[in-house]
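Inspection log for the structure reproduced underneath, given as structure tokens.
First the proteins, then the strands, lettered A, B, ... as listed; each starts at 1. Side-chain atoms are counted along with the backbone in the values below, which use heavy atoms only and exclude waters and symmetry mates. Since the model is a prediction, treat every value here as computed from it, not as a measurement.
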Amino acid sequence: MIDIFSTPALVTIILGSVALLIPILDALNKERGSKNKVYSAIAFGALALALAVVISRIFTGENLPALSLTNNGVIADDIFGAFFSIAFLIVSIMVTVSSWSYMKKKSNHAAYYSLILLSSIGMILIGYSTDFVMLLVAWELMSIPTYALAAFSKRDPVSNEAAIKYFLFGALSSAIIILGMGIVYGLTGTTNIYDSVVGMTTLNPDLMPFALLAVALFIAGFGFKMGLVPFHMWLPDTYSGAPTTIATLLAAGTKKAGFAAAIRVIVIGLIALNVHWTITLAIIAIFTMTLGNLGALTQKSIPRILAYSSIAQAGYILIGLAVAPYTNYGLDASLLQILNHAVMKSAAFVAAAAVIITIGAYTIEKYRGLGYRMPITALVLAVALLSLAGVPPLNGFWGKYLIFGSAIDAGDQAWWAPYLAIAGVLNSALSLGYYIWIIRKMYMEEGENRIRQKEPRPIVAVLLFALGFMVLFGIWYGPLLDLASMAVPNDLTHLIAAR
Amino acid sequence: MNQPTDFLYIAVILVSIGIYGLVVKRNALRLIFSIELIANAVNLALIAFSRMLPSPQGQIFVLFSIAISAAEVAVGLGIIIIAYRFYKDIDITEFRNLKN
Amino acid sequence: MVGAIGFEGLGVNAWLIWMLPFIGAAFIPILRNKNEKLKSYVAVGFSLLSAFLALSILPVGLSNGEIHSQIPWFSALNLDAGVLADPLAIIMSNLVAWISAAIFVYSISYMHKEKSLIRYWFFMLFFIGSMQLIVLSDNLLMVFFGWEGVGLASYALIGFWYQDRKKDYVGKEGHTVWGIPMWTSPTHAGIKAFLQNRAGDIMMLSGMFLIFMYSGTFGFRELLTDQTWAHAMMQQNLLVPAAVLIFGGAIGKSAQFPLNEWLLEAMTGPTSVSALIHAATMVKAGVFLVARIGPLFFALSVFNMQQFFEIVAWVGAITAMLLATQALVNPEIKKVLAYSTGSQIGYMMMALGIAGLTTNFIDGYTAGFFHLISHALFKASLFMAAGAILHTVHSRFMTDMGGLRKNMKRTYIFMLLASLSLAGAPLITSGFWSKDAIFASILDSNYEFSSYLFFIAVTVAVMTAFYTFRMVGLVFFGKPSQNIVNMENKGHRIREVNQLMWLPFAVLAVASVVIGLVGFAFEGQLHHVFATYLSSTFGITENGVIPLSEVQDTTGTVEGEGQHEATSGGSEMNPVAVAASVTAFGVGGFLGYLFYIRRSVDPAKINENVVSKGLWRFLYNRWYLNSILYWMGVVIPLGFYRRVNKYFEHLLMYGINPSVQHSMVFMSKVAKMAQSGDVQIYLYVFSAGIIVITMLLLS
């Protein structure tokens, strides 16, 4: 059974107890008045503790498997999960701390932070789960709180609309995921991921179309969270309509959870399946990048640009998944980019949130002269955008560089793989168009005034952390890449050979 | 109507109805119904598989699935009630503030 | 004894030496609202801390130990970041740290009441941090990072007074040559330094990567232990070009011919910056790089590296000659010092080059490095003293000074001491001994053109003595100039600068004399340290190179022998060299004394005939090099660019560009067509997507 001292269990206990504690505290609290700071601090403490647990487990835990491929239990304590947990926890911490400022004037703080914590548990458990049932439960634990969070501005019809769109797609995609899982269960008679992968290898060829249908359903179901074309339609609307901190959580957190699930289920599962599924992912990747970047090119609102850019980024990351069977470091590169993107995109969204609460500006026109009005925010936003565009020596560069490198490397075995790299490079160039445009508006053009605004302290702290992360791991990306490659099983190639 | 495969046929029909409803209907509640229809079709299929194989895991799966659907719908209905307050209507084609 | 110490104990110190200044630079802006004293003291504190750390590893260096600690950096390329503190790096690092600490102390007073002090200290700390990074890193790539850092900091500091006030200009106003103005503003000078350095950096970068392509490593030690790359490169005839390209970086940084022009105009920055650039950080980086890679290439002498060293030696010789001649006629005190720096660096390059052309590498190497040390001491001192004078007189022209020895006694004494060292006053100054060592190594070499080099070296020494005395004479002797009389009439009193200002250069001047007094022993010691270092690390002994494998096989015996050899080597004085350097000092010094101190001959009289007038103009116009470079590098390309712009870019801007833009916008609109906000359509696309993907998978 589940070891109570394994990382996922510990983290669940820490975060879960605090998530339940906050509403109870709120109920017991007789005084009127907001306890925003208190709850934020408690949530931050819990998340930081969880992060410490995960990181210390990586350093102290000997013989941690990379990506556990066993049929023992429903969750496995492995580095793959730990890697994603680190990404999710960093994002959650950034969201929590910046909410300190963002939620100041809003109500229902207890529920807000509690839901963020619950959603974080869901994301983390996705990374760790080795069973379809567990995966489903974690998936829903992640999703359901975010539906409520997206609708959190109760007086704002836009937030509500964002939530409705998000909810409809979310519910549909979870139904589709269950459908896929049901088919796999029907074909292999087990809900354990590893067992079903093994079962797939000995599948009756007549039943192959059903297996492929299941794969398609998984791609659609997980792809909805990842923002893959054509399952992306909800994404720009929701990201730009939801409260900006929640958009951060969605773009940087749940999106990556989609990738975690996809790697757990599709990539690992499909490698066993002797099908040319990779080219399908490659086609999706190209469409996703291109559409994301083209869409972002003519936007006027910053959160919307960021939403489209996160679609494009999903396309880049998907390249690594698509070439995973052909090269040793396709998945490493994707994982690295996932962590990098989590931080970059959080930084950009949090900066946008800071601008919204300080000067109430959404549109790019209002960002003119921001470099003078909110210097720190503008600086970090600029760095985050450059990093998203993949300008060296920032961390986003290395992720992209390795992804494109792996695509070229895969060219030996898959003729189409180098074209992915070419498409990726062209798209990066295209994306510079709108990233630089924003930076130009902020620094080169004169705004309404040059009065320096007071930037909210917690958000400044978050932004500086992100800035440090982006620059430091841009110059010295070694540890992150090492961690990413530790998280990917070496015997992936054995699986390929075994099929 | 006693073969396990018959249940699967019914499940497929239900899924198709659900998808049809999703694409055609404009009422938010109906959309939720459609989605639920798909989910429940899967539940049915899972139980059928569980009988066919035979293995108990499928039935456990269904229990989880039902609980989750319930939670999901509860949140969804909440959101739609708020929407009703704004628009006095739950026609999803009305919700078009966010576009492009 | 070669002891590699990892990332513990002293290894941490070695890392911190270069990290501390950076940390300090990051820390300084926090103090922006604090008072001036605190800012200065914090900055000085950081530099002193770094200096003491450097001191802590000095024993390791003197006992021929080595600290080499690495951490993984770019795992994909198999690159490690590391510090390599071997005797060379440790001595250099101490030199840099202590001289910059002295300059920092001086800056407290010199930059008093300056407005943008934060910017000043930030870049100063950044400057020495980058320099220490160059000195201590164990691979070319990190050297390059430091290299760029130094370039950036120098750009920022040379153009420190970016307001371009007239008093910060350099050169005589209105002096144009071939239509090119010879006087420049701080920002202009900063950009010029930056661009000329870029030219060098590009060469260095390409050389580095050329070697990397063959060896797969940037590490100095790795390049040495596995020499197959050199073999492969030699077969492609790429080894010498690659080495020369790396030397190109040194040419840019050390302001050697033909990239020497920037140094002369880098005088627009605060004088403390000039002192730092000339004594400790910037120009020494180039010499250090050659000292770093020189033994490596010499150890590869099987592959016939002769040409590389020849180029180094001749570039050094030409620069020494070129700049010494120009220093003879310049009227600005800081510029005279700048010329002299370039020319002295030329000496060092000459020595390092000649080292590679003989079998006895150690002599020339030691001579070059010894000159680096003594030059760093006296040049820092001279610049700071010159700064003190500028501070008092408010003019950069020596013609505006004169007779200052009565008013500024201390400055006079210590500047005189440092000047004597520059001029090479026999037996008591470090400059004499190091110059003498260079002469000796040139004479001892069996290079076929060594007599020409020797001739150049001696001529330059004569000129050096002459212009040094000229400078001293013009500044401190004679009658007070019109400027000073005016100032005194207005009620300004010309008086000694405060203690915080004169103490640093006094210390350095005295140090330079003290080293001079024990110069012979000092040289012997240095020779000993380098002999053991070169023999144990590179396998370079008195009689050429023995393969490294043999060195490592017989470490014990070689050690013993090395020490023995070291004491014997370099201890004989070369009488010709001594005679030459004494004569050079005598001739140059006497002439200078006659013209400018006793003033028994009026220099203006010599200028009356046509030949000397033409010569004077030729030198004063800097051999027309500046103008040529401008015409070739700026004016003509710009003209060409304008033509191109007119015909092609116009087309690009107004023809192709908008159409690209419009088509992109159009495509963007198409891409977003479905994004109508209608959930119905979204759901439809979603469902269709599932079907399409299923089809794709099934096909």
Side-chain angles (χ1 to χ4, degrees), chain A residues 161 164-165 168-169 172-173 176 208-209 211-213 215-217 219-221 223-224 228-237 270 275-277 279-281 283-284 287 290-299 308 329 332-333 398 401-402 405 430 433-434 475-479 481-482 485, chain C residues 15 19 22-23 26 29-30 32 70-82 133 141-142 144-146 148-149 657 660-699:
Chain A
E161 182 185 337
I164 286 186
K165 287 178 177 171
L168 284 175
F169 276 88
L172 174 60
S173 76
I176 280 171
M208 190 54 94
L212 289 175
L213 180 64
V215 169
L217 294 173
I219 292 178
F224 136 82
L228 303 184
V229 173
F231 314 115
H232 71 287
M233 306 287 286
W234 62 280
L235 192 146
D237 294 0
L270 282 182
V275 178
H276 293 296
W277 52 275
I279 197 162
T280 308
L281 285 192
I283 292 169
I284 297 178
F287 271 101
T290 315
L291 205 130
N293 282 327
L294 281 178
L297 214 51
T298 50
Q299 292 302 334
Y308 272 103
Y329 59 101
D332 300 8
W398 294 107
Y401 170 74
L402 291 172
L430 182 59
Y434 54 91
I475 295 166
W476 190 42
Y477 75 93
L481 184 64
D482 289 347
S485 54
Chain C
W15 282 95
M19 281 183 173
F22 283 122
I23 296 170
I30 297 172
R32 76 177 177 282
Q70 288 183 316
I71 51 165
W73 187 17
F74 291 127
S75 50
L77 290 173
N78 241 337
L79 288 182
D80 288 335
L133 178 61
L141 194 62
M142 271 170 82
F144 189 75
F145 277 108
E148 290 301 304
N657 253 1
V660 170
Q661 196 184 346
H662 289 152
S663 63
M664 281 298 157
V665 169
F666 175 73
M667 278 160 71
S668 171
K669 293 225 167 98
V670 172
K672 292 189 310 186
M673 218 149 62
Q675 201 79 33
S676 60
D678 189 346
V679 185
Q680 198 90 61
I681 296 174
Y682 295 5
L683 286 169
Y684 186 78
V685 172
F686 192 105
S687 311
I690 298 176
I691 294 166
V692 170
I693 285 174
T694 317
M695 294 296 178
L696 269 175
L697 281 171
L698 283 173
S699 66

About how many Å separate [atom2] of [Y] and [atom1] of [X], when rounded to the nearest 0.5 Å?
X: C:Thr694; Y: A:Leu213; atom1: OG1; atom2: CG; result: 5.5 Å
X: C:Leu698; Y: A:Leu212; atom1: CG; atom2: CG; result: 5.0 Å
X: A:Asn293; Y: C:Ser668; atom1: CG; atom2: OG; result: 10.0 Å

Contacts of A:Asp332 meeting salt bridge (charged side-chain N to carboxylate O under 4.0 Å, His left out) (sequence neighbours excluded), chain-then-number -> none
Side-chain heavy atoms of A:Ile176 within contact of C:Phe686, under 4.5 Å: yes
Does a side-chain heavy-atom distance below 4.5 Å link A:Lys165 with C:Tyr682?
-> yes
Q) Hey, mind stepping through A:Phe231 and C:Ile693 against side-chain contact (heavy atoms from CB on, under 4.5 Å) and telling me if it holds? A) CA-CA 11 Å; A:Phe231 314 115; C:Ile693 285 174; 3.4 Å; yes
| said: Assess the residue pair C:Val679 and A:Trp234 against the criterion (side-chain contact (heavy atoms from CB on, under 4.5 Å)); give the C-alpha distance rounded to whole Å, side-chain angles, the decisive distance to 0.1 Å, and a yes or no. | reply: CA-CA 8 Å; C:Val679 185; A:Trp234 62 280; over 6 Å; no
Using the rule given for side-chain contact (heavy atoms from CB on, under 4.5 Å), can you reason through A:Leu217 versus C:Ile690, listing the C-alpha separation, both sets of side-chain angles and the distance that settles it, and then say yes or no? CA-CA 7 Å; A:Leu217 294 173; C:Ile690 298 176; 3.9 Å; yes
- Item | side-chain contact (heavy atoms from CB on, under 4.5 Å) evaluation trace for A:Tyr308 with C:Gln675 | CA-CA 12 Å; A:Tyr308 272 103; C:Gln675 201 79 33; 3.4 Å; yes
Chain C shares the most heavy-atom pairs under 4.5 Å, among A:His232, A:Gln299, A:Glu161, with A:Gln299
Okay, A:Ile283 and chain C: the region with an atom under 4.5 Å from a heavy atom over there is side chain
Honestly, the part of C:Leu683 sitting under 4.5 Å from a heavy atom of chain A is both
Q) Among side-chain atoms of A:Thr298 and C:Lys672, is any donor-acceptor pair under 3.5 angstrom? A) yes
